[in-house]
Amino acid sequence: MDEKTYSENSADKPVEQPKAVLETRQIQAGSLKGEILLLKDQGYRFVTITCVDLDQESVDLIYTFDRGLEMVHLRIRQPKAESAPSVSDILFAAFLVENEIQDQFGICFDGLVLDFQNRLYLEEEVARTPFCRYNVTRNSK
Amino acid sequence: MSKTIIPFGPQHPVLPEPIHLSLTLEDEIVVEALPALGYVHRGLEKLCEIRDINQMIQVVERVCGICSKIHAQCFCLGLEKMMNVEPPPRAEYLRVVWSELHRIHSHLLWLGLFADSFGFEALFYQLWKIRERVMDINEATAGNRVIISVNVLGGVRRDLSAEQVRWITSQLNMVEQELKDLQSTILDDYTIRSRTVGKGILTREKAYELGAVGPTLRGSGVAQDCRQLGSSALKHLEFQPVVEQDGDSFARNKVRFLETLQSISLVRQALKGLPKGEIKTKFKGSPEGEAVSRVEQPRGELFYYFKANGTKNLERLRIRTPTFANIPPLAAMLPGIELADVPVIVLSIDPCISCTER
Amino acid sequence: MFSKFLQKCRVKSPWVLHFDCGSCNGCDIETLAVLTPVYDVERFGIINMGNPKHADVLLVTGTVNHRNKKVLRNLYDQMPSPKAVIAIGACGLSGGVFREAFNVVGGVDKVIPVNVYVPGCPAKPEAIIDGVVRALELFQAGPEGV
Amino acid sequence: MFKITPMTATVIKNLFTRKSTRPYPHVVREPFELARGELYIDINDCIFCSICERKCPSQCISVDKKKGLWTCDPFACVYCGICMGVCPTRCLHHKKTWRPVATEREMISMQGTPPKAKKKSSAGKEPEGM
Amino acid sequence: MNTIQIIMALIAGLFLAPLAVGLITGLDRRITARLQSRLGPPILQPFYDIGKLLGKEAILTNQWMAFCSLAYLAGAVISVVLFFLQSDLLLIFFVQAIGSVFLVMGALSVPSPYSQAGANRELLQILAYEPLLILVIVGIFLSTGSFKIGAVYAMDQPLLFKMPLLFLVLGIALTIKLRKSPFDISGSHHAHQEVVRGVYTEYSGPYLGIVEIAHWFEIVLFLCLISLFWSTGVVGLVILLGVTYFAEILVDNTTSRMTWKWMIGSAWSMGLVFSLINLLWLYYG
């Protein structure tokens with residue numbers, strides 16, 4: 001009962017489970033700002049950044065943009081030891097989410113326009129990059 | 001000129017929620033507003049690692065009590081997309097009924113709080129009185145007033161009987177009538193207009209660029225509403241986003257008021273077209289891969305990102321809530337206004353801090 | 001005689017202070033709903049005060065996290081006695097669904113003493129009224145009761 | 001255009017119509033048929049399968065199969081009704097009314113008879129351990 | 001006036017008047033609740049509130065606040081007593097004004113930002129209604145030829161007929177003093193405020209009780225001023241007071257709170273225009 005479904009009486013017809021794929025465009029950290037400016041020119045606007053913990057060394061940063069309800073995702077692979085480029089200077093709206101990632105994953109963003117210094121959400125006693133499963137050291141600034 | 005720093009929050013009577021703004025004032029004029037968050041942060045995205053996907057529905061419902069149903073729906077839509085599960089048509093219609101009911105109660109709640117922010121208590125009480133009818137509908141059909149927990153993966157948990165459908169329709173007629181009685185107050189009253197018109201202006205370009213969503217965006221003249229995507233049964237229903245051009249607090253107020261009436265019409269349409277049949281699709285297996293989903297909350301566009309690895313627990317869940325997106329526009333609106341207008345403008349984006357911080 | 005009158009006044013005029021300690025809003029809006037016409041707790045003389053210095057009863061909703069526990073403590077200390085604390089909802093009682101989240105202290109009573117617990121998720125307005133009435137019974141019992 | 005005080009009609013109407021206040025707690029309204037209130041268990045029917053324990057989103061139920069003890073922390077229960085739905089013997093229910101307020105922390109623990117191998121005897125029920 | 005009359009006036013001013021205002025306030029809350037489709041608190045609620053406040057623990061930020069609250073009370077009480085002793089209107093006016101200023105001084109003595117902002121606004125409120133009061137008193141002088149209250153009672157027809165516009169002006173001042181919408185700027189009974197409880201924020205426990213009682217005395221004074229407009233008969237006086245107070249409640253419930261700029265602008269422009277017309281009419285009429 002517990003291993004497969006939640007449904008109350010589990011008489012089921014199994015459905016094939018294909019792996020869901022999110023269409024993203026892998027780019028290099030260096031070309032990030034250029035790509036964003038390009039998208040901005042085309043009328044795209046910023047939605048959010050998603051940070052996904054991958055392994056000991058790196059995380060994925062997925063930048064999501066939107067134009068008329070159609071979405072574009074850019075993905076960069078960010079080593080944990082290095083600082084990520086902040087895009088808050090060209091996209092002011094990104095400052096909040098970058099601070100959040102700083103809090104939760106310990107990634108540092110270079111050139112944040114409004115830097116909460118890892119204290120956006122968390123107090124001293126719990127500020128231990130809680131969202132990292134593989135790595136719990138914080139980059140000191 | 002002397003500068004004073006006034007803390008707005010974290011405990012403030014106008015705002016039931018703890019957001020903290022440090023307002024730097026020069027003679028009651030705000031020159032700088034710095035938001036400080038973290039008073040509601042729970043870190044519940046992290047819970048996806050110890051709760052399985054079915055339990056997570058209950059958890060994401062509690063991201064925000066006011067739009068709980070819609071959070072759960074967004075979560076379910078995303079996972080259903082990942083697992084190729086199609087909910088039965090009746091379930092899709094029922095989802096629309098409950099989400100629009102949630103929107104009605106949320107908007108009424110907000111309109112009331114907004115009235116309260118400029119000290120119009122009688123209007124606040126009147127709107128919350130109307131809202132109680134919607135809460136009764138929620139409780140009668142779903143079993144709980146606020147967090148109604150009707151969504152499950154693949155459908156809904158509760159069904160509506162024909163008698164309940166009739167009862168809901170009659171209750172909604174009353175809600176609509178009572179709201180229309182208040183229309184001239186909300187839209188034409190001199191004191192309300194003088195407190196809201198021209199306050200907290202967000203131009204169309206600024207709103208679009210700063211990533212405003214929901215009524216904040218639509219009040220600035222951008223016709224973008226995730227319901228246009230036609231998820232659930234919305235594709236079968238008649239729907240046009242409500243847009244106002246002025247971009248001030250009054251425009252946002254008007255958008256929300258008109259949306260309330262629109263939602264009543266959507267519930268009516270959905271109840272009328274309610275198909276017969278099952279309310280849940282059965283399925284097996286666990287999700288794998290990545291997906292995003294988004295729906296329109298009362299406060300704006302809600303965005304979920306999922307990453308799963310084929311187990312019952314998600315690997316990463318990320319929730320971008322509408323207020324999170326509306327805070328940068330708010331920070332841009334505040335400088336240059338009077339202290340007396342701060343609550344009005346802060347409330348005009350309909351801040352939901354527990355959404356923002358999760 | 002006079003102290004009896006004061007006692008009665010204390011029961012008849014509880015001003016409440018509501019503090020959201022990280023709740024999901026569910027309990028908050030129910031707490032606000034008890035002030036509105038349908039439940040109208042002003043019948044009992046209850047007024048929602050925004051100011052801890054004027055409040056007699058503290059209504060706390062939410063999980064309590066590491067940042068707002070200081071605010072909670074501070075608000076509690078600012079209230080002149082006699083005072084009562086009511087914790088509302090599963091989160092305020094134990095942390096609810098979020099008990100295991102990393103930033104959650106879990107329960108109001110880990111920070112300040114709680115007099116009445118109102119269970120529910122969210123607690124129904126009627127239950128909140130019950131809670132306030134129960135707290136008033138404590139006032140009735142005298143300052144030692146609180 | 002704007003009007004001076006359109007609210008006047010509404011408030012005057014309120015003055016002369018019935019007030020909408022429900023006089024709770026003096027008059028208690030009939031709860032709705034499907035309302036999810038306090039959780040309780042028919043311990044006689046419980047087979048101590050622990051499904052409720054595993055499915056509970058709040059992890060507030062614990063089942064001790066050996067001792068036949070079903071415990072629920074009512075202060076952590078979120079009244080979602082999941083356990084009720086998954087229970088194979090339908091022995092979990094929600095009352096229609098909410099759980100009363102309390103001044104002390106308390107647990108609901110119900111003592112039943114754990115299922116013997118194969119044979120299920122009628123279990124003795126003890127009052128709720130308040 | 002003989003001794004018995006003076007004692008009677010003192011009893012009326014010191015005990016009966018505040019009791020009456022307490023009841024009126026209770027009735028006010030009840031009617032307000034009904035206008036909002038609610039049941040509302042018991043009529044005696046204001047007394048319970050005061051009683052509770054007096055019985056609470058006294059936490060003081062500084063001694064100055066205690067002094068200020070008492071001075072505020074003294075100012076209000078003396079002005080009411082002077083009124084009942086049928087003294088000079090101008091004297092009453094100045095005593096009352098000094099009392100109100102003490103409330104502000106107490107609030108200003110604390111560094112709390114809400115208290116400061118509330119105190120600023122309270123000053124602006126005083127600034128808004130005091131000139132109006134002066135104009136009304138000048139009107140009374142023009143129609144009776146004296147600043148003495150006794151002169152009003154000596155008239156054979158109600159003042160209302162002579163100065164209807166000045167009555168409206170006094171109505172504006174009353175709305176400000178009662179802290180009702182649209183003028184509930186510096187603090188209100190219901191704490192739904194951008195400055196929390198504004199000028200009251202830092203007064204707590206028994207001192208808040210004292211401030212509330214002082215406020216009652218101020219309301220007494222204003223209601224007394226209104227009663228001057230129908231000095232010829234008790235029935236007419238009660239009706240006038242009832243109608244005025246109900247109008248206040250109605251205005252409170254049908255408007256939103258405005259800003260202090262609007263308050264000063266509207267109170268002064270409306271007040272000045274109305275009183276000017278009325279005064280000219282009195283002068284040349």
Side-chain angles (χ1 to χ4, degrees), chain A residues 2-24 40 43 45-54 60 62 64-71 73 75 88 91-97 99-100 103-104 114 116 119-123 126 130-131 133, chain B residues 34-41 43 45-46 49 52-55 81-85 152-154 208-213 224-226 228-229 280-292 294 301 303 305-308 310 312 315-316 318 320 324-325 327-329 331-332 356-357:
Chain A
D2 55 324
E3 68 272 63
K4 287 274 151 40
T5 91
Y6 158 72
S7 64
E8 287 160 28
N9 33 2
S10 47
D12 342 15
K13 33 191 185 318
V15 182
E16 256 318 293
Q17 292 294 317
K19 188 173 168 171
V21 181
L22 181 69
E23 273 187 35
T24 56
K40 220 176 150 185
R45 67 194 199 119
F46 175 75
V47 176
T48 195
I49 309 173
T50 307
C51 181
V52 186
D53 204 22
L54 290 178
D60 256 353
I62 304 172
T64 307
F65 293 85
D66 155 279
R67 184 178 66 183
L69 296 173
E70 157 212 350
M71 280 193 287
H73 308 277
R75 187 196 297 264
S88 58
L91 296 165
F92 177 67
F95 82 90
L96 209 54
V97 65
N99 273 301
E100 180 182 303
D103 258 33
Q104 295 177 335
L114 217 61
F116 287 87
R119 294 289 177 276
L120 177 67
Y121 290 151
L122 303 175
E123 289 291 279
V126 278
F131 274 69
R133 264 167 299 167
Chain B
L34 262 184
L37 305 173
Y39 294 98
V40 205
H41 183 59
E45 290 169 353
K46 182 78 176 163
E49 290 163 20
D52 72 30
I53 47 175
N54 295 308
Q55 293 172 337
K81 196 157 77 184
M82 282 172 104
M83 294 193 282
N84 264 337
V85 180
V152 284
L153 292 175
Y208 191 79
E209 191 201 318
L210 291 175
V213 291
Q224 181 164 332
D225 188 322
C226 281
Q228 288 166 299
L229 288 167
K280 193 156 82 189
T281 308
K282 299 186 175 91
F283 64 94
K284 268 193 167 178
S286 298
E288 194 172 3
E290 279 181 304
V292 295
R294 51 179 176 168
E301 171 193 313
F303 172 93
Y305 166 89
F306 307 87
K307 185 172 185 187
K312 277 153 51 69
E315 201 177 316
R316 170 88 167 114
R318 157 116 177 101
R320 199 295 312 260
F324 195 88
I327 282 186
T356 314
E357 304 179 4

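Just so you know, these numbers come straight off a predicted model, no measurement behind them. Letters A, B, ... mirror the listed sequences (proteins, then strands); counts begin at 1.
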All heavy atoms of B:L210 vs all of A:A93, minimum pair found to be O-CB, 3.2 Å
Okay, B:F324 and chain A: the region with an atom under 4.5 Å from a heavy atom over there is both
When every non-hydrogen atom of A:L69 is compared with those of B:D225, the smallest separation belongs to CD1-O, 3.5 Å
Salt bridge flag under 4.0 Å for residues B:R294 and A:D66: yes
Only one of A:T50, A:T64, A:V47, A:I49 passes side-chain contact (heavy atoms from CB on, under 4.5 Å) with B:R320, and that residue is A:V47
Quiz item: Do the non-hydrogen side-chain atoms of B:F303 and A:M71 ever get within less than 4.5 Å of each other?
Solution: yes
dist B:E209:CD -> A:F92:CZ (nearest 0.5 Å) comes out at 10.5 Å
inquiry  = Walk me through whether B:E290 and A:H73 qualify under side chain to side chain contact (heavy atoms under 4.5 Å, CB included).
reply    = CA-CA 12 Å; B:E290 279 181 304; A:H73 308 277; over 6 Å; no
Okay, A:L91 and chain B: the region with an atom under 4.5 Å from a heavy atom over there is neither
* Would you call B:R318 and A:E100 a side-chain contact if the rule is heavy atoms closer than 4.5 Å? -> yes
(Q) Quick check: do A:R45 and B:V213 have side-chain heavy atoms less than 4.5 Å from each other? (A) yes
request  = For residues A:R67 and B:Y208, determine if any side-chain heavy atom of one lies less than 4.5 Å from a side-chain heavy atom of the other.
outcome  = yes
Does any non-hydrogen side-chain atom of A:D53 lie less than 4.5 Å from one of B:E315? no
